[in-house]
Amino acid sequence: MDYSTLLNQEQLKAVLQTEGPVLVSAGAGSGKTRVLTYRIAYLLTELHVDPYRILAITFTNKATNEMKERVCKIREDACNVLVATFHSFCVRMLRKYQSVLTDYQPNFSIYTDSDQAKVYKQVFADLGISDEDTKSKVKHAISVIKCDNISIDQYCEINKHSKCIDIIKRGYFAYQHELRKNNAMDFDDILINFYKLIVSNQDVRESLQERFQYIHIDEFQDTNRLQYDIVKILAGKYQNIFIVGDEDQSIYSWRGANIGNIFQFSKDFKNVKIFKLEQNYRSTKSILDKANKLIENNKNRLSKKLYTTNEQGSEVTYFCARDEQDEADYVVRHILMQKNAGVDLNDIAILLRLNALTRPFEEKLLAYNIPHKIYNGVKFYERAEIKNTLAYLIAIVNPNDNNSFTRIINFPKRGIGETSISHLKTLADARKCSIKEIIYNCDTEDLKPALKAKLYPLKDLLKNIDKCAETSDLYNLISYIVDEAKILQSFNQQDETELDRYMNVTSLIKSIKDYQENNPSATLNDYLESVTLISDIDTESNKNGVVIATVHSAKGLEFDTVFISGLEEKIFPVSRVDIEDQEEERRLMYVAITRARKTLYLTSSSSRFMYGKRDATVKSRFLREIDMVKDQAFGYGGYYGDEYNMYNYPKAKKEFGNINSDYTYYSDNIKSNKTNEASIVREDKLNISGLSKGLNALKQTVDEKKVKVGARVKHIKFGEGVIVNTSTYSSNKCVDIDFGILGKKSLSLDYAPISFID
């Protein structure tokens with residue numbers, strides 16, 4: 001095999017460096033999997049290494065399967081190379097040496113996330129912990145202790161000033177006791193018990209060190225401290241450890257990943273050979289230019305700059321919308337343009353920093369009949385916090401819907417567990433009444449005093465909601481429910497998952513506000529039916545189609561066309577305090593940019609409905625860093641850096657004046673001699689020639705005589721409707737169509753999948 005024809009010069013150097021510690025800093029799209037595979041191939045075919053003595057660690061099952069498939073093609077016995085994820089490797093070794101495990105019986109159990117949740121539930125009940133914030137802190141602390149490979153005493157010393165430290169210590173011991181009692185390990189225990197095994201048992205340690213003469217670790221930037229310590233021990237004898245990673249793509253610190261491991265590697269191993277893979281095979285020059293400009297703002301990195309022999313490609317385009325609906329409309333129109341140009345919908349992605357931003361895009365894609373899917377996620381109306389909030393509304397119109405009440409009873413958390421809920425359902429069945437009636441009469445029912453005490457506030461809340469429903473419109477009703485039930489207050493906004501849930505609920509409130517404005521005479525029942533019907537229509541979408549994904553879930557994927565939306569401060573980047581967090585947000589944006597192969601669009605909104613209200617936004621600092629906007633294009637000058645990071649919104653609003661009502665494009669297609677002004681072109685109202693030509697080619701021929709109020713139309717998804725308003729915006733013919741129970745929809749007649757009914 002002629003490796004010189006299969007690899008570029010730097011890749012070849014890394015593959016041929018078979019002895020001693022090797023660090024490969026592999027930029028996005030630089031062929032790191034190719035290097036790993038050919039490195040193993042070289043060991044097998046040229047050095048004739050026994051495949052049994054080669055180990056390759058990956059981070060996902062998908063990566064493991066891909067690597068196995070490639071390796072097994074090298075030679076007949078190549079499948080004996082051990083390719084595994086960290087957890088599956090450690091489980092395999094623990095099973096092999098389970099006879100020498102001191103704290104566990106043979107055939108121990110591995111607890112999944114759901115099993116782990118049950119253990120925590122029991123522990124918190126035994127310790128009398130009901131506060132959700134305290135529960136989160138205990139669980140987080142236990143994970144940190146294990147992932148950082150420290151003892152509970154070390155953790156307590158580090159965090160001795162924490163008010164929760166005593167309860168954390170009790171929680172840790174209770175949780176571990178419960179696992180040991182059940183002869184079970186959680187996923188973190190798999191790693192830590194394997195680490196303890198190779199530290200404490202010399203025979204096992206030396207046997208594994210002798211076996212694995214050549215060790216390969218993929219995605220090294222995603223390792224935590226414990227995984228790093230395991231690798232260091234395994235490579236203790238031969239020191240032939242080959243790590244591949246990219247510090248610029250380290251985006252999982254919230255899961256315990258430690259970017260410092262890459263830098264520590266050169267300190268812990270002697271004479272480390274470092275290779276930088278900087279040639280990108282994925283993206284155009286235009287896209288890589290933006291990626292490089294962005295990431296050079298980070299300090300905590302190895303210096304490297306991506307380059308490519310690919311074509312220059314189309315320039316990166318930035319669009320500033322009036323609001324989130326306009327933003328989604330812009331994205332969908334340009335998806336249609338890309339489709340018309342021959343781009344497969346499966347090769348188009350909308351990437352978002354927060355899962356909570358998907359709703360407008362889902363709705364617009366559905367309205368224009370574009371197949372789509374949420375990658376590694378759940379569609380908006382199927383998310384638990386949305387279904388739970390809507391359950392309050394369903395309970396008003398249908399008090400006999402016990403399923404809705406089982407959602408309401410402990411949302412937000414009221415300390416009413418599954419056993420109590422099951423008892424209420426059984427009691428309701430015996431009485432042949434609804435759970436609502438049981439709650440309303442809880443003071444006279446045969447219930448435990450503790451449960452009664454928890455139901456009294458719920459009873460008062462439900463009665464107040466029923467009273468509010470008699471006089472309030474939809475928007476005021478949902479606002480009242482969310483406020484009185486303290487739904488938003490129940491989410492810890494410092495936790496990323498909880499922040500997403502918080503914003504999902506605020507997005508639901510906004511959707512109800514929009515529905516009411518478009519359908520002023522609609523009832524609560526009309527709204528609920530419209531949500532049900534829309535959800536049913538949405539589930540008909542093909543499994544293929546445009547991908548909507550968070551940037552975290554899109555890592556490892558690539559697309560011909562990428563839209564990165566929601567580029568505003570407090571969204572992307574999210575609110576961060578210290579420099580390390582800010583750098584991780586920038587790395588996340590870098591990952592988003594480098595998902596694009598050929599075409600990249602960046603979008604933001606001049607205003608957005610967030611945190612329960614509409615507010616002017618500040619454009620993301622990342623747009624400035626990649627020369628897509630000038631400093632003053634942020635809406636106010638001089639608020640970058642420390643002051644800018646404090647989100648001085650009153651100052652911003654004052655200098656914003658009125659929110660611009662026109663669409664604005666920024667296209668990086670003129671090279672400026674001034675570095676700080678960086679080639680900005682601004683044109684309003686869809687007048688950029690290239691983009692307009694592409695969109696014009698998509699426009700449908702419409703009989704102007706038919707476009708009038710009262711005209712009946714048929715939408716491919718929504719069915720029949722009646723035009724109730726017509727307008728022209730930026731040369732686009734727009735109509736408002738009343739689809740009955742589905743409500744009023746605003747669509748561009750030039751692109752919407754509708755036909756006129758004579």
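All residue numbers refer to positions in the sequence shown, counting from 1.
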May I ask you to check if Lys135 and Tyr120 form a cation-pi contact, with NZ or CZ under 6.0 angstrom from the six-membered ring centre and within 45° of the axis?
no

Between Leu600 and Leu602, is there a side-chain heavy-atom distance shorter than 4.5 Å?
yes

Could Glu569 and Lys619 be called an ion pair, given the rule that one side-chain N must be under 4.0 Å from one carboxylate O?
no

Ring centres of Tyr751 and Tyr368 under 6.0 Å apart?
no

Under 4.0 Å between a Lys/Arg side-chain N and an Asp/Glu carboxylate O for Arg614 and Glu324?
yes

Would you name the heavy atoms of Thr58 and Asp218 that are closest together and state the gap between them?
CA-CB, 4.2 Å

Partner residues of Lys745 under the side-chain hydrogen bond (donor to acceptor under 3.5 Å, both in side chains) criterion, sequence neighbours left out:
none

Looking at Arg501 and Glu498, is there a salt bridge between them, counting it only when a charged N and a carboxylate O are closer than 4.0 Å?
yes

Determine, using ring centers only, whether Phe319 and His334 are less than 6.0 Å apart.
no

Quick one: do Tyr515 and Val531 satisfy side-chain contact (heavy atoms from CB on, under 4.5 Å)? Show the steps, please.
CA-CA 10 Å; Tyr515 179 86; Val531 170; over 6 Å; no

With Asn300 via side-chain hydrogen bond (donor to acceptor under 3.5 Å, both in side chains) - residues at least two apart:
none

Find out whether Phe361 and Val331 are in side-chain contact, i.e. whether some heavy atom of one side chain is under 4.5 Å from a heavy atom of the other.
yes

What class does the angle between the rings of Phe572 and Phe622 fall in, given that below 30° is parallel, 30 to 60° is tilted and above 60° is perpendicular?
perpendicular

Looking at the rings of Trp254 and His140, which for Trp means the six-membered one, are their centres under 6.0 Å apart?
no

Do Tyr307 and Ser30 have side chains that get closer than 4.5 Å, going by heavy atoms?
no

Could you tell me whether the side chain of Cys147 reaches within less than 4.5 Å of the side chain of Asp188, counting heavy atoms only?
yes

Within 45° cone of Tyr590 ring axis and under 6.0 Å: Arg587 NZ or CZ
no

Side chain to side chain donor-acceptor pair (under 3.5 Å), that's the test. Do Arg359 and Ser507 meet it? Break it down for me.
CA-CA 7 Å; Arg359 183 184 60 82; Ser507 185; 2.9 Å; yes

According to side-chain hydrogen bond (donor to acceptor under 3.5 Å, both in side chains), who are the partners of Asp514, at least two apart in sequence or on a separate chain?
Lys510

Measuring from Leu499:CG to Asn504:CG, what's the distance to the nearest 0.5 Å?
9.5 Å

